[in-house]
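Right, one structure below, let's go through it.
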Amino acid sequence: MATVDPNLGLTYGWTLGESGWKDGMDANLRRLGAVVGLSVKDRDLGTPPASPSDGDRYLIPAGATGAWSGRSGQIAVRIGGAWEFHEPKVGWLCFIEDEAVLSVYKAAGWSAGIAV
């Protein structure tokens with residue numbers, strides 16, 4: 001029986017020869033690709049872009065609409081033509097591309113960031 005690690009939310013601990021791990025491993029790899037080396041295009045865009053590319057990532061602001069409605073504070077990642085969402089953890093770093101700042105996630109949310 002697989003378990004989930006408390007930091008990145010990755011599934012692990014499958015029994016040798018256990019079947020059915022493919023979907024769990026695919027989800028692990030997508031999650032790693034989404035949150036490791038985190039860099040987002042924008043953090044104040046309240047509506048998903050009309051023509052996103054796979055790999056595009058955004059921080060979702062309060063009051064977002066459309067596919068991002070109800071996802072405030074999460075990380076939106078475009079994968080396989082659909083949005084996936086991830087909850088940040090305290091201490092994660094994120095480069096915000098349109099502001100050219102490095103921000104840290106704290107209990108109160110993403111910091112203003114420092115210019116880099």
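Not measured: the values here are computed from a predicted model.
- Residues Leu93 and Ile114 share a single hydrophobic cluster, defined by chaining ILVMFWY side chains whose heavy atoms lie under 4.5 Å apart.
- Follow the hydrophobic side-chain contacts under 4.5 Å out from Phe85 and you reach Tyr58 in the same cluster.
- A pairwise comparison of heavy atoms in Val77 and Ala34 identifies CG2-CB, 3.5 Å as the closest pair.
- Ion pairing between Asp26 and Lys22 holds under the 4.0 Å rule for side-chain N and carboxylate O.
- Scanning all heavy atoms of the two residues, the minimum distance from Asp54 to Ile79 falls at OD1-C, 3.7 Å.
- Using a 4.5 Å heavy-atom cutoff, the side chains of Met25 and Trp14 are in contact.
- Minimum heavy-atom separation, Pro48 to Thr65: CD-O, 3.3 Å.
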Test Trp68 against Leu45 for side chain to side chain contact (heavy atoms under 4.5 Å, CB included), laying out the working first. CA-CA 10 Å; Trp68 294 354; Leu45 186 65; 4.2 Å; yes
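- Scanning both residues, Ala67 and Arg71, for their nearest heavy atoms gives O-CG, 4.4 Å.
- Using a distance-only test at 3.5 Å, with no hydrogens or angles considered, no donor-acceptor pair links the side chain of Asn28 to the main chain of Leu10.
- Residues Pro52 and Arg78 approach most closely at CG-NE, 3.6 Å, considering heavy atoms.
- Val104 is connected to Phe95 through a chain of hydrophobic side-chain contacts under 4.5 Å among Ile, Leu, Val, Met, Phe, Trp and Tyr, so both are in one cluster.
- Across all their heavy atoms, Trp92 and Ile75 have their closest contact at CZ3-CD1, 3.9 Å.
- Among residues at least two apart or in separate chains, side-chain hydrogen bond (donor to acceptor under 3.5 Å, both in side chains) pairs with a member in residues 96-116 are Ser39-Glu97, Arg43-Glu99, Ser103-Ser111.
- Within 6.0 Å of CH2 on Trp21 lie no more than 12 heavy atoms contributed by other residues, nucleotides or ligands.
- Val36 and Val4 sit in two unconnected hydrophobic clusters of ILVMFWY residues. Membership requires side-chain heavy atoms under 4.5 Å apart, directly or through other members.
- No side-chain heavy atom of Leu59 sits less than 4.5 Å from a side-chain heavy atom of Pro61.
- The distance from the CZ atom of Arg57 to the NE2 atom of His86 is 9.5 Å, given to the nearest 0.5 Å.
- Side-chain atoms of Thr3 and Tyr12, non-hydrogen and from C-beta on, do get closer than 4.5 Å to each other.
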